[in-house]
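Once you've had a glance at the structure underneath, I'll fire off some questions.
Numbering starts at 1 and runs along the sequence shown.
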Amino acid sequence: MISVNTNIGAMAAIQNLASTNRDLQSTQNAISTGKKVASAKDNGAIWTIANKMTSDVKAYDRVRESNERAGAILDTGIAAGESIMELLNEMKGKALAASQAGLSAGSQAALAADFAQLRDQITNVVANASFDGANMVAATPASAISLGDANGTNNITVAGVSLALGSTTITVTATSAADTAANASTALGLVNRSITNLGTQLATWGAGAKRLDVHRDFVSKLSDALNTGIGAITDADLSKESAKLQSLQVKQQLGIQALSIANSSAQSALSLFR
């Protein structure tokens, strides 16, 4: 039927062309953004999942930063402990030499002075072993604390221990001296006990540092896995989208041609009245 009021062919052509234009717009968006799901309107469920995963990735970035800070605090504490161990080893030699009977007054005084200088240097090391305001070896020690997960409900803690003179670990006191053979012998015992205690503590901190390193590697791999997952569900296959674009552009041109033909069909009604 020929009608000038209702052009069924034109309506069908318009619907098909509109559908093609929508598909073409979607493909162009995918090519320009590189994502097949760039917003919630593209695919609400996938976008929500990807957004949650993206949030986790950002949270794990903060976990990694916290881990690095805790590692730096712990490394500073370990460096201080190792420096104190070197001082203790030298003090042991001075105390041992000063504990000998029959030393001249000059030799005793020289050894006592060296011992005192090494002893007091421990205090200087402890006072300067601070990172970002945290000191793991101070009289009131801080701990190295790292976030353990993206929810903030789990922490990795490496406890600090005082390495100050007269502490449980460093039993050498601020008054320990090698000015006499008897005092040197007493000081030697305290130095030996301090060396043993400090060695045990450094081993504990070393294990803690290894734990932080392992966790840092895990968080890095987990972030990579999450990013890969996000890409898998949201990234566009550009080779596929490129081929689709070519097809839709041809389809659009054909749709325009079909609409033009449908619009011209009404003109055939005029020939009936000639």
Measure the CG-OH distance between L226 and Y60 for me, rounded to the nearest 0.5 Å.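 Answer for the CG-OH pair, L226 versus Y60, is 7.0 Å.
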What I'd like to find out is whether the side chain of D120 reaches to under 4.5 Å of the side chain of N124, using heavy atoms alone.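 A side-chain contact is absent here, since even the closest heavy-atom pair is not under 4.5 Å.
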Is a donor on one side and an acceptor on the other found under 3.5 Å between the side chain of S185 and the backbone of A182?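 No, the answer is negative, given that no donor and acceptor are paired below the 3.5 Å cut-off.
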Separation between CD of E82 and CG of L87, rounded to the nearest 0.5 Å: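 E82 atom CD to L87 atom CG measures 12.5 Å (nearest 0.5 Å).
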Can you see which heavy atom on A181 is nearest to which on Q100, and at what distance?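 Answer, listing the atom of A181 first, then Q100: CB-O, 3.9 Å.
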Side-chain donor/acceptor of S107 to backbone N/O of L103, under 3.5 Å: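 Looks like no, no N/O pair under 3.5 Å.
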N155 side chain reached by L147 side chain, heavy atoms, under 4.5 Å: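 L147 reaches N155 side chain to side chain.
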Would you check, one step at a time, whether the test side-chain contact (heavy atoms from CB on, under 4.5 Å) holds for F218 with N67? CA-CA 11 Å; F218 166 72; N67 183 283; over 6 Å; no
How far does CG of L198 sit from CZ of R193, to the nearest 0.5 angstrom?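 One finds 14.5 Å between CG of L198 and CZ of R193.
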S176 side chain to V172 main-chain N or O, any donor-acceptor pair under 3.5 Å?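 Side chain of S176 to backbone of V172, a donor-acceptor pair under 3.5 Å: no, none is there.
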Do the side chains of L165 and T173 get nearer than 4.5 Å, heavy atoms only?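 The answer is no, as the side chains (C-beta and beyond) never meet within the 4.5 Å cut-off.
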Salt bridge check: are K210 and D213 linked by an N-O gap of less than 4.0 Å?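 Result for this pair is no, no salt bridge flagged.
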Under the 3.5 angstrom rule, does the side chain of T228 hit a backbone N or O of D224 as a donor-acceptor pair?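 Yes.
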Is any side-chain heavy atom of I84 closer than 4.5 Å to one of V126?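 Yes, at least one pair of side-chain atoms sits under 4.5 Å.
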Could you state the interatomic distance from OG1 (T171) to CG (L190), rounded to the nearest 0.5 Å?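 So the OG1 of T171 and the CG of L190 are separated by 4.5 Å.
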Just how far is it from atom NE2 of H215 to atom CG of L222, taken to the nearest 0.5 Å?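 It is 9.0 Å, given to the nearest 0.5 Å.
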Just so I know, are the side chains of I156 and L212 near enough to count as touching, which here means a heavy-atom distance under 4.5 Å?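 SC-SC contact between I156 and L212 confirmed.
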Is there a donor-acceptor contact under 3.5 Å from the side chain of Q108 to the main chain of A178?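 Judged by distance alone, yes, a pair lies under 3.5 Å.
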Which atom pair, heavy atoms only, marks the closest approach of A129 to T76?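 Result for this residue pair: C-CG2, 3.7 Å.
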Is it true that a side-chain atom of W205 and a backbone atom of A159 form a donor plus acceptor pair closer than 3.5 Å?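 Yes, W205 side chain to A159 backbone: donor-acceptor pair under 3.5 Å.
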Mind checking whether V161 and V137 have side chains closer than 4.5 Å, heavy atoms only?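 No. Closest side-chain heavy atoms not under 4.5 Å.
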Test V63 against D149 for side-chain contact (heavy atoms from CB on, under 4.5 Å), laying out the working first. CA-CA 7 Å; V63 172; D149 56 38; 5.9 Å; no
For the student: nearest non-hydrogen atoms of A150 and A59, plus distance: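 Smallest interatomic distance, heavy atoms only, reads CB-CB, 3.7 Å.
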Under 4.5 Å between any side-chain heavy atoms of E68 and S146, yes or no?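 A side-chain contact under 4.5 Å is absent here.
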Reported CZ-to-CZ distance for the pair R62 and R64, which is rounded to 0.5 angstrom: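 Answer for the CZ-CZ pair, R62 versus R64, is 8.0 Å.
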Which pair of heavy atoms, one from G44 and one from T48, lies closest together, and at what distance?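 Looking at all heavy atoms of both residues, the shortest contact is O-OG1, 2.8 Å.
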Salt bridge check, K52 against D56: does any charged N sit closer than 4.0 Å to a carboxylate O?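 Here D56 pairs with K52 in a salt bridge, since their nearest N and O are under 4.0 Å apart.
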Can a donor-acceptor pair be found, under 3.5 Å and without considering hydrogens, that links the side chain of S167 to the backbone of S162?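 The answer is yes, because a donor-acceptor pair under 3.5 Å joins these two groups.
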I195 and M85, any side-chain heavy atoms less than 4.5 Å apart: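 Yes, close enough: below the 4.5 Å cut-off.
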Search all heavy atoms of F115 against all heavy atoms of A95 and return the closest pair with its distance.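 The pair with the smallest heavy-atom distance is CE1-CB, 3.9 Å.
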Pair M136-V158, side-chain contact (heavy atoms from CB on, under 4.5 Å): steps then yes or no: CA-CA 9 Å; M136 291 190 68; V158 181; 4.3 Å; yes
Please step through side-chain contact (heavy atoms from CB on, under 4.5 Å) for the pair L163 and I122, ending with a clear verdict. CA-CA 8 Å; L163 300 185; I122 292 177; 5.9 Å; no
